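Quick note on labels: first sequence line is chain A, next is B, and so on, each numbered from 1. Note that the structure is a prediction, hence the values are computed from the model and not measured.
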There are 2 protein chains.
Amino acid sequence: MGTKGEGNRQRIIEAADSLFYRRGYNQTSFQDISDATGIPRGNFYYYFKTKDDILNAVVDTRIADLTLMVNSCESATSDARERLLMFSNMLEHQQDDVIQSGCPIGSLTTELAKDEPALHEKSRQPFVLLRNWIKSQFESLGLSNAEDLAMDLLAKLQGVTVMACAFKDVEYLKRSHHEIKDWINKKTLN
Amino acid sequence: MGTKGEGNRQRIIEAADSLFYRRGYNQTSFQDISDATGIPRGNFYYYFKTKDDILNAVVDTRIADLTLMVNSCESATSDARERLLMFSNMLEHQQDDVIQSGCPIGSLTTELAKDEPALHEKSRQPFVLLRNWIKSQFESLGLSNAEDLAMDLLAKLQGVTVMACAFKDVEYLKRSHHEIKDWINKKTLN
DNA sequence: GTCTATAGCCGGATAGAC
DNA sequence: GTCTATCCGGCTATAGAC
């Protein structure tokens, strides 16, 4: 229950979050996290039972961050169309990281699809959150096929991310993000 | 130059191809390939200098297979629209593998984007082949933005693959493939 | 060409001093 | 709570017998 321990726990999660994104889950070792934080390897087991537990904590904080992100869209405007455009704009700010490492959610889910089912299911949770939020935005605009549209939007974002990262093409990424916003407008206007 | 050795070399490549797809490159060990082929681990170094060399050979055979695939589309019809639809149909036949392990090209490229640049560049080559072939199909139909359309088609395919694998949803995958064929028709008719 | 044995390193996880 | 030392196993790669 000490405050000191919780601070270290948070630092481990933040370093693991970044490394899982930039290097992948399986390619990140305890030594890597130790180097990034200055916390000795053996100490990790005071905060987490296994490496899988670190992944669970990382995904939980990603979900918390995404919740803050969509809540800030909710606070900004009552127009669901503007919320979706605002959400897309937020993603555009991560374009340099996307070119280098892909989508944090998509690449982790793709990696862990080849691993144990429990890890894969955990990695899918951020997608579930986003699908439900986007769905509720389309619903509030009176669109009947809101869930299909939510999957379409996520698929568009994932598709351009995979190709932009594969070809290391930031201009393609920018152009495609504009087309996605055009698509949002087309689906939600009138 | 013996014929026996070349047979073993081919068996190693085929087993590695399947394992790199189902488990990932970094998660596939020489022991895994040995178990799958019955060829002892130490023997691999007679055929390949390093594990990276096996990856290079695997990607080369994937490129050869894709070349056969697009050539069979070229042979079947002189209508580029029909060729693109035929290509999409061929991808649909791999839907069960896609749900389990994603796209062989996309998931490998996403994984190796977080690895050494040389491996990532090699893994991108199948995408280059497909982009150029799709581009030439759109060009032969007189479309001026053929390269953009080729990237759009590949992005659509990658996007639905990532989401279908993430959610393990084969019905979504089928529906989305039909929508992609509708899009091809929309872009290429009249 | 084929196979065994093993080097040398690094991984996750543990024990126990402080 | 913090840190060191270490176990045990798996990894790529090599050496060398046959």
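In the set C/dA13, D/dT2, D/dC11, D/dC11 carries the atom at the smallest distance from any side-chain atom of B/Gln31.
The CG-C1' distance, from B/Leu19 to D/dC11, rounds to 16 Å in whole Å. What separates CG of B/Asn26 from C1' of D/dC11 is a distance of 12 Å, to the nearest Å. When the P atom of D/dA5 is taken as reference, atom OH of A/Tyr45 falls 18 Å away, rounded to whole Å. Per the geometry, OH belonging to B/Tyr46 stands 7 Å off P belonging to C/dT2, to the nearest Å.
The number of heavy-atom neighbours closer than 6.0 Å to NZ of B/Lys181, taken from other residues, nucleotides and ligands shown, is above 12.
Between the CZ atom of A/Arg83 and the CG atom of A/Leu85 there is a distance of 12.5 Å, given to the nearest 0.5 Å.
Judged by distance alone, with hydrogens and angles left aside, the side-chain atoms of B/Thr110 form a donor-acceptor pair with the main-chain N or O of B/Gly106 at under 3.5 Å.
When only modelled atom types and interatomic distance are considered, A/Gln31 and A/Asp35 share a side-chain donor-acceptor pair under 3.5 Å.
Contact annotation: A/Ser29 reaches the phosphate of C/dG11 (side-chain N/O to OP1 or OP2, under 4.0 Å).
Of the residues in residues 33-44 of chain B, those with a non-hydrogen atom less than 4.0 angstrom from any atom of DNA chain C are B/Pro40, B/Arg41, B/Gly42, B/Asn43.
Here salt bridge (charged side-chain N to carboxylate O under 4.0 Å, His left out) pairs that include residues 39-55 of chain A, with residues two or more places apart or in two chains, number zero.
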